[in-house]
Peer 1: 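Please see the structure below; I have some questions.
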2 protein chains.
Amino acid sequence: MRSVTDSDSRATPRRTRAEQRQQTEGRILSAARELFAEHGYDRTTIRAVAARANVDAGLVMHYFHSKDGLFTRAAKLPPDDLPDGAPSEVAEALLASLGKRLEAEPVASLAVLRSILTHSEAAEGFRAAGRRRVDQIKTAIPVGDAELRAGLISAIIHGVVAERYLLRTSVLADASPDEIVNLLRPCFQVLVGLSATSGGPVDAPHG
Amino acid sequence: MRSVTDSDSRATPRRTRAEQRQQTEGRILSAARELFAEHGYDRTTIRAVAARANVDAGLVMHYFHSKDGLFTRAAKLPPDDLPDGAPSEVAEALLASLGKRLEAEPVASLAVLRSILTHSEAAEGFRAAGRRRVDQIKTAIPVGDAELRAGLISAIIHGVVAERYLLRTSVLADASPDEIVNLLRPCFQVLVGLSATSGGPVDAPHG
DNA sequence: TCCTTCGTTCAACGCTCGTTGATTGAACGA
DNA sequence: TCGTTCAATCAACGAGCGTTGAACGAAGGA
């Protein structure tokens, strides 16, 4: 219950300036990620971020120059690369990646997702990531409408994640990741060009 | 290109008070729906709605009492009832309903959808509608995890609609409704409990 | 006709927000 | 040790917002 980042930032004065700054910046970024994920860009106040990070609002401005700057830094996502290969492998890789996102809340990713519909910068970043994903999937699907198929898979993933974590639709919020992944498996297989009943592990319907 | 509701609300003074009021209210509601759908709840200003409706902001308050009141009225949706029956029929009905929503922008529905992630009232209305839909679908699916299956279908529909109209992801925004519906058909059939290749019209893959 | 009703406008209040600039005091380099 | 750097605070500005209440003028009823 006791850590270095306690309520008073000057509790342990035995730190170099660089350490101090890095630590404070980190605290601000964590607070920002949480609040952006919880309330979205517009409803998240610089003052609120500062308060959660035990810091003055002016300091947030000093470090990140603007609210947009803070969001850009806080919502920066590592590019998720799925291995290309046979369609069945791609389908399984997509399902595994989805499963991982359903195991534990991906806070930074939720910060973007929550703000996507009302903040143009978040939307643009999301579209760019979507294009990358579509291009990756496309190369593994040997059909003419590969782009649309990849786009649909993307839409399904984001729809499920959004309803589970942002909207907390009870059905999806309570389900186990495995249940969801198993039900979605035939969908992904079909969209990837496979028949629904061939290739990859297919579980019997639950219950 | 010419209608009674032109820029000047006093252009045709030959109207009774009730007509006048109803007309102005309608103009305000249309403007509100458009702006809520375009920018979401937070970024839509009462002043902006009033300006688009060629009316003073105070009048909007006078008629709707608050911004929330305006949103509630503007975002009121007619309940979409899909016929219950055999799983295959339900799947087709869901696909048809999706197809309709993909043919023409459903503005009122988009106003809700755009505001869902940041406005709690919109979220609650959405969840309620979702529960109704899930209950409807559930009765037609004879398996144990019917609720989750229905929830997934819901999530897919909203994911697709959101990416097409709100995010305007190029792949989904440019595709024809038929292409989307046909690709999604096997997914819905599987989720509804059918095998992907039996029952209902199944098109050959496009291209 | 006169008084009431009501659609509509206008100016303003109070609040919150992003942002700024001055200021303080401790860490730092010479 | 002394002057500089820089993390951090504080008070304030200006803009935009939802909301209010007074005021005006045309429609409606007696």
Side-chain angles (χ1 to χ4, degrees), chain A residues 4-29 31-32 35-36 39-74 115 118-119 121, chain B residues 4-29 31-32 35-36 39-74 115 118-119 121:
Chain A
V4 194
T5 60
D6 250 2
S7 56
D8 192 347
S9 55
R10 286 147 303 180
T12 41
R14 301 264 163 264
R15 275 173 295 189
T16 176
R17 276 224 275 246
E19 289 173 339
Q20 178 73 292
R21 157 140 195 179
Q22 198 176 359
Q23 198 155 115
T24 308
E25 248 195 51
R27 233 179 326 134
I28 294 174
L29 283 174
L35 289 174
F36 281 138
H39 303 119
Y41 182 85
D42 286 325
R43 284 177 124 96
T44 296
T45 305
I46 286 197
R47 285 172 166 87
V49 172
R52 181 168 294 203
N54 281 112
V55 139
D56 186 85
L59 190 63
V60 177
M61 289 301 297
H62 188 231
Y63 284 169
F64 301 96
H65 306 106
S66 70
K67 190 181 176 182
D68 267 297
L70 174 63
F71 181 83
T72 304
R73 286 282 306 279
S115 310
T118 43
H119 192 230
E121 186 184 327
Chain B
V4 194
T5 60
D6 252 1
S7 54
D8 192 348
S9 56
R10 285 148 303 179
T12 41
R14 303 260 163 267
R15 275 174 295 189
T16 175
R17 276 224 274 246
E19 288 172 340
Q20 178 73 289
R21 156 139 197 182
Q22 197 176 0
Q23 199 157 114
T24 308
E25 248 196 49
R27 229 173 335 129
I28 295 174
L29 283 174
L35 289 174
F36 282 138
H39 303 118
Y41 182 85
D42 286 325
R43 284 179 125 95
T44 295
T45 305
I46 286 197
R47 285 172 166 86
V49 172
R52 180 167 293 202
N54 281 112
V55 139
D56 186 84
L59 190 62
V60 177
M61 289 301 298
H62 186 56
Y63 284 171
F64 301 96
H65 307 106
S66 71
K67 190 181 176 183
D68 266 297
L70 174 63
F71 181 82
T72 305
R73 286 282 306 277
S115 311
T118 43
H119 192 231
E121 186 185 326

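Each chain gets a letter, A, B and so on, in the order its sequence line appears, and its residues count up from 1. This structure is a prediction, so every number in the text was calculated from the model and none was measured.
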Peer 1: Apply side-chain contact (heavy atoms from CB on, under 4.5 Å) to residues Thr45(B) and His39(B) and explain how you reach the verdict.
Peer 2: CA-CA 10 Å; Thr45(B) 305; His39(B) 303 118; over 6 Å; no

Peer 1: To the nearest Å, how far apart are Lys67(B) NZ and dT19(D) P?
Peer 2: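 My rounded result for the distance is 8 Å.
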
Peer 1: How many whole angstroms separate atom CG of Leu35(B) from atom P of dG18(D)?
Peer 2: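 Taking CG of Leu35(B) and P of dG18(D), I get 12 Å after rounding.
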
Peer 1: Closest approach of Leu29(B) and Arg73(B), non-hydrogen atoms and distance?
Peer 2: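 For Leu29(B) and Arg73(B), the tightest heavy-atom pair comes out as CD1-NH2, 3.7 Å.
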
Peer 1: Take atom CG of Asp56(B) and atom P of dT19(D), then tell me their distance rounded to the nearest Å.
Peer 2: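 After rounding, the gap between these two atoms is 15 Å.
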
Peer 1: In terms of the angle between their ring planes, are Tyr41(A) and Phe36(A) parallel, tilted or perpendicular, with boundaries placed at 30° and 60°?
Peer 2: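 Rings of Tyr41(A) and Phe36(A): parallel, as their planes differ by under 30°.
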
Peer 1: Counting side-chain heavy atoms from C-beta on, which of dG18(D), dT8(C), dA8(D) comes nearest to Thr45(B)?
Peer 2: dG18(D)

Peer 1: Would you indicate whether the side-chain heavy atoms of Asp42(B) and Thr118(A) approach each other to under 4.5 Å?
Peer 2: no

Peer 1: Do the side chains of His119(A) and Asp68(A) get nearer than 4.5 Å, heavy atoms only?
Peer 2: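 Of all side-chain heavy-atom pairs linking His119(A) with Asp68(A), at least one is under 4.5 Å.
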
Peer 1: Looking only at side-chain N and O atoms, does Gln20(A) come under 4.0 Å of OP1 or OP2 in dA8(D)?
Peer 2: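 Indeed, a polar side-chain atom of Gln20(A) lies that close.
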
Peer 1: Rounded to the nearest angstrom, tell me the gap between atom CZ in Phe64(A) and atom P in dG18(C).
Peer 2: 15 Å

Peer 1: Tell me the interatomic distance from Asp42(B), atom CG, to dC17(C), atom C1', rounded to whole angstroms.
Peer 2: 13 Å

Peer 1: So which atom in Ala32(A) and which in Ala74(A) form the shortest heavy-atom distance, rounded to 0.1 Å?
Peer 2: CB-CB, 4.0 Å

Peer 1: dG28(D), dT8(C), dT19(D): which one has an atom nearest the side-chain heavy atoms of His62(B)?
Peer 2: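 Side chain of His62(B) sits closest to dT8(C).
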
Peer 1: Taking for each residue the nucleotide of DNA chain D with the nearest heavy atom, is it Ala18(B) or Tyr41(B) whose nucleotide lies nearer the 5' end?
Peer 2: Tyr41(B)

Peer 1: Taking the side chain of Met61(B) as its heavy atoms from C-beta onward, which of dT19(D), dG7(C), dC10(D) lies nearest to it?
Peer 2: dT19(D)

Peer 1: Could you state the atom-to-atom distance from CD of Glu19(A) to P of dA26(C) in whole Å?
Peer 2: 19 Å

Peer 1: Grab the CD1-C1' distance between Ile46(B) and dT20(D) for me, whole Å please.
Peer 2: 12 Å

Peer 1: Among dA26(C), dA27(D), dT8(C), which nucleotide sits nearest the side chain of Leu59(B)?
Peer 2: dT8(C)

Peer 1: Please report the interatomic distance OG1(Thr24(B)) to CD(Gln20(B)), rounded to the nearest 0.5 Å.
Peer 2: 4.5 Å

Peer 1: Just compare dC28(C), dT8(C), dT9(D) and give me whichever is closest to any side-chain atom of Tyr63(B).
Peer 2: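 My answer, after comparing the listed nucleotides, is dT8(C).
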
Peer 1: dT8(C), dA12(C), dG18(C): which one has an atom nearest the side-chain heavy atoms of Arg47(B)?
Peer 2: dA12(C)

Peer 1: Would you kindly give the CG-to-P distance between Asn54(B) and dC10(C), to the nearest whole Å?
Peer 2: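 Whole-Å distance recorded here is 12 Å.
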
Peer 1: Any idea which heavy atoms bring Val49(B) and Ile28(B) closest together, and the distance?
Peer 2: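 Nearest heavy atoms, Val49(B) then Ile28(B): CG1-O, 3.8 Å.
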
Peer 1: Does the dA7(D) base have a donor-acceptor partner in the side chain of Arg21(A) within less than 3.5 Å?
Peer 2: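 No, the side chain and the base share no sub-3.5 Å donor-acceptor pair.
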
Peer 1: Starting at the 5' end of DNA chain C, write a dot or bracket for each base, bracketing those in Watson-Crick or G-U wobble pairs whose two distances are under 3.5 Å and using | for partners on another strand.
Peer 2: ||||||||||||||||||||||||||||||

Peer 1: As a test of reading the structure: which of dC28(C), dG18(D), dA26(D) is closest to the side chain of Arg17(B), going by heavy atoms?
Peer 2: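 Looking only at side-chain atoms, Arg17(B) lies closest to dA26(D).
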
Peer 1: Please determine whether a side-chain nitrogen or oxygen atom of Thr16(B) lies at a distance below 4.0 Å from atom OP1 or OP2 of dA27(D).
Peer 2: no

